[in-house]
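Both counts, for ligands and for their atoms, begin at 1 and track the order of listing.
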Amino acid sequence: MCGIVGYVGSEHAKEKIIDGLKRLEYRGYDSAGIALPVNGKIEIRKHVGEIKNLEKIIGGDDYDAPVGIGHTRWATHGAPSDINAHPHGNQNNSVAVVHNGIIENYQEIREWLQREYGVAFKSETDSEVIAHLIGIYYDGDLLKAVNKAVEDMRGAYAIAVIAADEPDKIVAVRKDAPLVAGIGKGFNLIASDIPALLKYVREVYFIENNETVVLTKDNIDIYDEKGRKVKREVFHVSWDADAAEKEGYEHFMLKEIHEQPKGIQDTLFKRLADDNSINLDGITMTKEDIENFNKVYIVACGTAYHAGLVGKMVIEKMAEIPVETDIASEFRYRDPFVDDKTLFIAISQSGETQDTLAALREAKAKGARIMSVVNVVGSSVARESDDVFYTWAGPEIAVASTKAYTTQLICMYLIALYMGKTKGAIDEDYYNLIISELKALPDKVAAILEKEKDIEKLAKKYYHKEHIFFIGRGLDSGVSYEGSLKLKEISYIHSFAIAAGELKHGTIALMDPDTLVVALATQDFLYEKMVSNIVEVRSRGARIVGIAKEGKNEIEKVSDEVIYVPQCIDEVTPVLAVVPLQLLAYFIAKERECNIDKPKNLAKSVTVE
Ligand code: F6R
């Protein structure tokens, strides 16, 4: 996720900014840059890759200034590159901007600036429009120009701006993206995140939504939307740098579990227009292509593969087309039946998983159309695909994938709905029903997260178990695989997932009083069958944790514990049902004192075969 750092004081800004950016490295980024006002002009230096690449190119520069802004970029609009990196300047670099977030109407602004002012854009980013807008409105008063530019901008963002003619200040704005001002003595700082400030300050002001802040070396003035000065309480940060990176959460995994409502919301609303239609910005697949497909392969590894299991069921149901979900390392060597009537969907958080990439290349060579669902813009999988549905989860740092999975599910629904509607396989009412159920998910996930203490209590009760099974039917069977993987990878407990109806064909032999079974029963039309499966394992002595929708209380009679998720239509329950499983895995691993964010033997991105 992008990071912002700004310094204004009387010492060398360059050093402070680079230092602040380094403290944000843990969040993931693909390029970095810095802007300083020097001799009536703004010097901008930026480079793709690590901050050390930026340091190399500025190493020889003898310029510096007592004010400046810096940025680490996580690409959204436009691939990672030197040109797309921030800061962005206006035409003559008299102002420079760093930006986190999204400018939704940037296309409109871009066209207007080109038409009315002949602006020549250098980058593919949405952010560059901000620099040009401010440049056009600037007449010697940076605050005024920024306020005017903000009136034209729609979206969720945080920006920090400097002007060559006012080399003693930074103006920053917050709208739905974090911004915090650090209070120094003879200097002040602005940043998107507290860790960037901690080496220099402990006292901060949290900037609120729709506020503008002007920083000089001796003052921090905060203004509300109407331009009135705001008095803000000073907040003393007592966290150490490690806790600050995790925003107070004990582990990145827990932080990322809690980021799911936002990730779901962002992934959904990036693709949903006001009239509920799915906007296909950047997708070139036509109606004819969709009608031409006679099969779909979804190919991925690990958690992404589990998202594909759910994807199979929803695409088959909504788009009425056969779908096969396969493990990438198997697909690539089994000579699958692929031709130019095949849609191949690769799912990958990192976009760099070697097996997924090799499977994609195999399918491409055989003529398939390639679509991918990826979290990292500009990654190999994204670059080699015909079309990309991005997940807007933000960087995932914990090795165990959580928010990537739920946002991958959202993409599966969007793809299924789009294909189904285009083919006429679903009617308008059903389409609108699923969309409204999807829109309700962020709040419902947040409601489950509020019950995390209950799940922690369960974890304390069962963390010593040696074997934990996960069972479910229909969509729940896909989710049970994910629950089991989460548990085993971070707690090292032996775990196994199986479609509940398959138990009696062998696996039930393993059930005994030492076994814990997590039974997912969120599918209304399969509920009674699940209750029977629970009875089967319970009669062999197993303990049961049931997962069901609120109001489906029958399960209490056959379970030792029940975790309820909010009511919703069966099709979208996987997004809810997985959340208690993630929390259960997390709290069990915590009880067992495991290294949760970096489990043994695992890497975040598997770039080898
Ligand atoms: C499990 C996990 C892995 C990844 C798998 C694929 O928590 O993170 O199973 O899902 O290695 O990685 P990506 O999605 O980057 O292709």
Engineer: Does an N or O anywhere in Ser401 fall below 3.5 Å from an N or O of ligand 1?
Structural biologist: yes

Engineer: Who pairs with Ala499 by side chain to side chain contact (heavy atoms under 4.5 Å, CB included), at least two apart in sequence or on another chain?
Structural biologist: Ser477, Glu502

Engineer: Tell me, which protein residue and heavy-atom name are nearest atom 10 (O) of ligand 1, and how many Å apart are they?
Structural biologist: Thr303 N, 3.1 Å

Engineer: Go through the steps for Asp82 and Lys46 under the test salt bridge (Lys or Arg N to Asp or Glu O under 4.0 Å), then give the verdict.
Structural biologist: CA-CA 6 Å; Asp82 291 354; Lys46 44 196 192 171; over 6 Å; no

Engineer: What protein heavy atom sits nearest atom 6 (C) of ligand 1, and how far off is it?
Structural biologist: Cys301 O, 3.4 Å

Engineer: Can you tell me the protein heavy atom closest to atom 7 (O) of ligand 1 and the distance?
Structural biologist: Glu489 OE2, 2.6 Å

Engineer: Can you tell me which residue and heavy atom of the protein come closest to atom 14 (O) of ligand 1, and the distance to 0.1 Å?
Structural biologist: Gln349 N, 2.6 Å

Engineer: Which of the atoms in ligand 1, numbered in the order shown and given with their element, are less than 4.0 Å from a heavy-atom of Ala400?
Structural biologist: 7 (O)

Engineer: Does the Arg592 side chain pair with the main chain of Ser491, one donor and one acceptor, at a distance under 3.5 Å?
Structural biologist: yes

Engineer: Would you please test Glu489 and Lys486 for salt bridge (Lys or Arg N to Asp or Glu O under 4.0 Å) and show each step?
Structural biologist: CA-CA 6 Å; Glu489 69 181 323; Lys486 268 323 63 108; 3.2 Å; yes

Engineer: Tell me whether the centres of the aromatic rings in Tyr405 and His306 are closer together than 6.0 Å.
Structural biologist: no

Engineer: Only heavy atoms of Lys486, strictly under 4.0 Å: list the atoms of ligand 1 that pass.
Structural biologist: 1 (C), 7 (O)

Engineer: Excluding sequence neighbours, so at least two apart, what forms side chain to side chain contact (heavy atoms under 4.5 Å, CB included) with Ile569?
Structural biologist: Leu433, Ile434, Glu437, Glu571, Val572

Engineer: Evaluate the criterion ring-ring contact (aromatic ring centres under 6.0 Å, His included) for residue pair Phe344 and Phe331; output intermediate values, then yes/no.
Structural biologist: CA-CA 11 Å; Phe344 176 96; Phe331 179 91; 5.4 Å; yes

Engineer: Please check whether Val399 reaches ligand 1 - meaning an N/O of the residue sits under 3.5 Å from an N/O of the ligand, judged on distance alone.
Structural biologist: yes

Engineer: Against the six-membered ring of Tyr431, is Lys421 placed for a cation-pi contact (under 6.0 Å from the centre, within 45° of the normal)?
Structural biologist: yes

Engineer: Report yes or no: is the cationic atom of Lys600 (NZ for Lys, CZ for Arg) closer than 6.0 Å to the six-membered ring centre of Tyr492, at no more than 45° off its axis?
Structural biologist: yes

Engineer: Identify, by atom number and element, the atoms of ligand 1 in contact range of Ser348, meaning under 4.0 Å from any of its heavy atoms.
Structural biologist: 13 (P), 14 (O), 15 (O), 16 (O)

Engineer: Identify the closest protein heavy atom to atom 15 (O) of ligand 1: which residue and atom is it, and at what distance?
Structural biologist: Ser350 OG, 2.6 Å

Engineer: Starting from atom 13 (P) of ligand 1, which protein heavy atom do you reach first, and at what distance in Å?
Structural biologist: Thr353 OG1, 3.2 Å

Engineer: Using a strict cut-off of 4.0 Å, indicate which atoms of ligand 1 neighbour a heavy atom of Ala304.
Structural biologist: 10 (O), 14 (O)

Engineer: Distance to 0.1 Å, residue and atom name: give those for the protein heavy atom nearest to atom 11 (O) of ligand 1.
Structural biologist: Val606 CG2, 4.1 Å

